[in-house]
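The structure under discussion appears below in the form of structure tokens.
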Amino acid sequence: EAQVTQNPRYLITVTGKKLTVTCSQNMNHEYMSWYRQDPGLGLRQIYYSMNVEVTDKGDVPEGYKVSRKEKRNFPLILESPSPNQTSLYFCASSKGTGTSTDTQYFGPGTRLTVL
Amino acid sequence: AQSVTQLGSHVSVSEGALVLLRCNYSSSVPPYLFWYVQYPNQGLQLLLKYTTGATLVKGINGFEAEFKKSETSFHLTKPSAHMSDAAEYFCAVAMEYGNKLVFGAGTILRVKS
């Protein structure tokens, strides 16, 4: 089944404890992206990647890191999480590298709470 | 910068009634427009999208939307609401290049029996 998977689905952590949220897609998509969803703000892009080893900042990149060493994986790293990073995170992928008509396919989400 | 405004953070309709969810965008060039739906505890799923061509776009589950350039709108409609339509709906806009989606704040649709 074609899908985007994320792990973990739920995570409660404490301020400053490094964490990684994994994202994997099995559709051989070039483009991957991370979003955070906050009430009343919709989804905001954190980072995106057009291809392996190519990443760029979205609208809210502060406090996050990403890497794209393999086509299928795009982990989101929080080196020193803070309470304002408590949010619902979505990974997404799409086929093209620069075509905005492509449909983005979303993972099921990771609910992160930073105490 | 592009922006998307969804009028009404919550919309409530009776089962069988018309669903109308409003979306307006700001863009200096013709955009690509999307509607996504998020069911409880799930990721977003594409309902429909407008790229070029016919301005009335039909999507899944009986939804459709009309691109009106003069009004910078892309409202989502469904003639008859079903209980299973209860979800949060997001309008999004993308420019011609870059794959970047800018989302509205979302509208939660409640369907009453």
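All chains are named by letter (A, B, ...) in the order of the sequence lines, taking the proteins before the strands, and each is independently numbered beginning at 1. Quick caveat: nothing in here was measured; it's all calculated off a predicted structure.
The hydrophobic cluster containing B:M83 also contains B:L109, counting ILVMFWY residues as joined when their side-chain heavy atoms lie under 4.5 angstrom apart, directly or transitively.
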Please step through side chain to side chain contact (heavy atoms under 4.5 Å, CB included) for the pair A:T103 and B:K49, ending with a clear verdict. CA-CA 8 Å; A:T103 298; B:K49 64 181 179 181; 3.1 Å; yes

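For A:L43, the parts sitting under 4.5 Å from any heavy atom of chain B are the backbone and the side chain alike. With a 4.5 Å cut-off on non-hydrogen atoms, A:R111 does not touch chain B at all. Proximity to chain B (any heavy atom under 4.5 Å) is shown, for A:Q6, by neither the backbone nor the side chain.
No more than 12 heavy atoms of other residues, nucleotides or ligands sit less than 6.0 Å from atom CD1 of A:I12. More than 12 heavy atoms of other residues, nucleotides or ligands lie within 6.0 Å of CZ in B:F63, so this atom counts as buried by the packing criterion. Other residues, nucleotides and ligands place no more than 12 heavy atoms under 6.0 Å from the CZ atom of B:R110.
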Distance-only donor-acceptor hits, side chain of residues 14-22 of chain B, under 3.5 Å, sequence neighbours excluded:
none

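For the pair A:Q104 and B:Y36, the minimum side-chain heavy-atom distance is below 4.5 Å.
For A:G40 against B:A105, the heavy-atom pair with the smallest separation is O-CB, 3.3 Å.
Residues of residues 37-46 of chain B having a heavy atom under 4.5 Å from any heavy atom of chain A, listed by number: B:Q38, B:N41, B:Q42, B:G43, B:L44, B:L46.
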